[in-house]
Protein chains: 2
Amino acid sequence: MEINAQSEAPQKLTRRGRSTRTRILRHAADLIYTEGVHATNNKLLRSAAGVSGSQLTHYFPNKESLVLGVVEWQASSILEFHRSERFAGFDTIDAFQDWADFYILSGRPFKDGCSLGALASEIVKTDLDVRDELSQVFKEWADIFREGLERMRCLGRIDASADPARLAHMLMAAYQGGSLLAQIEDDITPLRDSLYAAVDHLRSLTTRRDDTN
Amino acid sequence: MEINAQSEAPQKLTRRGRSTRTRILRHAADLIYTEGVHATNNKLLRSAAGVSGSQLTHYFPNKESLVLGVVEWQASSILEFHRSERFAGFDTIDAFQDWADFYILSGRPFKDGCSLGALASEIVKTDLDVRDELSQVFKEWADIFREGLERMRCLGRIDASADPARLAHMLMAAYQGGSLLAQIEDDITPLRDSLYAAVDHLRSLTTRRDDTN
DNA sequence: CCGAATATGGACGATTTCGTCCATAACGGA
DNA sequence: TCCGTTATGGACGAAATCGTCCATATTCGG
């Protein structure tokens, strides 16, 4: 549950086997994030993870299974982050503001885009069969936002006319689109603008009694 | 100016040469849009455009130049569309609503994403040297929105506190991010939600005297 | 009409990448 | 301790892709 990407492995792995598999996955995720799926080939991954060619085949029979492993790895990381206590289920404006600030103010690198979105856009047109997995993860991600917004609406923190599902998609798109633009322009401004505008929009839907400023 | 992608070619092309080059570019743009950059190889492009291998090399000495040609092709198409009279310089809410509706209501295919954004995200991490070109195009694209919003602000149609540059980035990100999510989920809903939410946010900034509904 | 420049066709080679194969080393349960 | 299972190493092969080369056909300008 907490280490979803590992639990996918067959049970016949020894401790050393699991360690090697995890090491491969870790370096593959890193390489794919910084260099892209296409540039992450056997040679690069072998030298990065310090394994031989046959080990890659042993743990990941083909590239598709490797990419799928990385997708699961990144997905569990992202979902865990969004479900952390830090954001308290996203049922306040402050939580969403904090979420946006995390990407903008924490000095987090932005030049490689979203660890899952950039990967997704690179493979969504290929024959790699990970669409279902990706679709599921993005749905769960959006649901975290949506459920928080629904609570906010029930609690009267945002207007009753607000549509939580629509707003969740808006937040997701603001982050994904902003990340892409920031990558392309090598400038965090588009990401900052789109995230803050999205949170501004949420704020514009707050009911008056909560409008303290 | 109107056919930017062609004007990049050296002048020593005959009529037949220009025709062949354009045909290659047209099919390359189509293939890259539907199949992706990586899958668009010489073999596919040869049979699609009906040319021989040496012709590709003749008009595009390497793949980078081909991709650059396609980027320019798509860029001029997009910029021309956004500068068309239809949107009247984007200085009304209705123009932005019409813009959003174009992607949602016109039955336009969405499964391949934005013709430029999907291409950009696929190559932004590669060694293909088209980052500067892409960056420039996205800047110009955002400027179209920004200038319209600035006029709206000057005319008092939106609040004086509105930030045109930020809102322009919000609109761009809503489209790019929404397109990516729609691709992944094979469902137009995320794109519709993010675009309409973005336009809703603009609408929330309209000054009262223009608020007719 | 003619020579030079351009366009086209198809084969070829160099390189890269994925995945296999087989031998050896380490490990785990009885 | 011992034997079967798992892990590791490096070489190898098959396939794909990019780009070159050279011969031939077509077109352009004078």
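These figures come from a predicted structure and were not determined experimentally. Chain identifiers are assigned alphabetically (A, B, ...) following the order of the sequence lines, protein sequences preceding nucleic acid strands; residue numbering begins at 1 within each chain. For the numbers below, each heavy atom of this structure counts, side chains included, while hydrogens, waters and symmetry mates do not.
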Nearest whole angstrom, please: distance from the [atom2] of [N] to the [atom1] of [X].
| X | N | atom1 | atom2 | value |
| --- | --- | --- | --- | --- |
| Y59(A) | dT8(D) | OH | C1' | 8 Å |
| F60(B) | dA7(C) | CZ | C1' | 15 Å |
| R18(A) | dA7(D) | CZ | P | 10 Å |

Note: [X]-[Y] ion pair, threshold 4.0 Å (strictly below):
| X | Y | value |
| --- | --- | --- |
| E140(B) | R83(B) | yes |
| E35(A) | K125(B) | no |
| E150(A) | R146(A) | yes |

Polar-atom pairs under 3.5 Å, protein N or O versus N or O of nucleotides 14-18 of chain C: list them with distances, or write none.
from	atom 1	to	atom 2	distance (Å)
dT17(C)	OP1	N41(A)	ND2	2.8
dT17(C)	OP2	N41(A)	ND2	3.3
dC18(C)	OP1	K63(A)	NZ	2.9
dC18(C)	OP2	N42(A)	N	3.0

Contact check, residues 44-58 of chain B vs DNA chain D, heavy-atom distance under 4.0 Å, returns S54(B), T57(B)
Please check if atom NE2 in H82(B) has more than 12 non-hydrogen atoms from other residues, nucleotides or ligands closer than 6.0 Å. yes
Min side-chain heavy-atom separation Q74(A)-V137(A) under 4.5 Å: no
Assess the residue pair I144(A) and F90(A) against the criterion (side chain to side chain contact (heavy atoms under 4.5 Å, CB included)); give the C-alpha distance rounded to whole Å, side-chain angles, the decisive distance to 0.1 Å, and a yes or no. CA-CA 8 Å; I144(A) 297 174; F90(A) 287 103; 3.7 Å; yes
With sequence neighbours excluded, give me every ring-ring contact (aromatic ring centres under 6.0 Å, His included) pair touching residues 101-122 of chain A.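 Residue pairs passing ring-ring contact (aromatic ring centres under 6.0 Å, His included), neighbours aside: F81(A)-F102(A), W99(A)-Y103(A), Y103(A)-Y175(A).
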If only side-chain N and O atoms count, and only distance matters, is there a donor-acceptor pair under 3.5 Å linking Q55(A) with S52(A)?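 A donor-acceptor contact under 3.5 Å links the two side chains.
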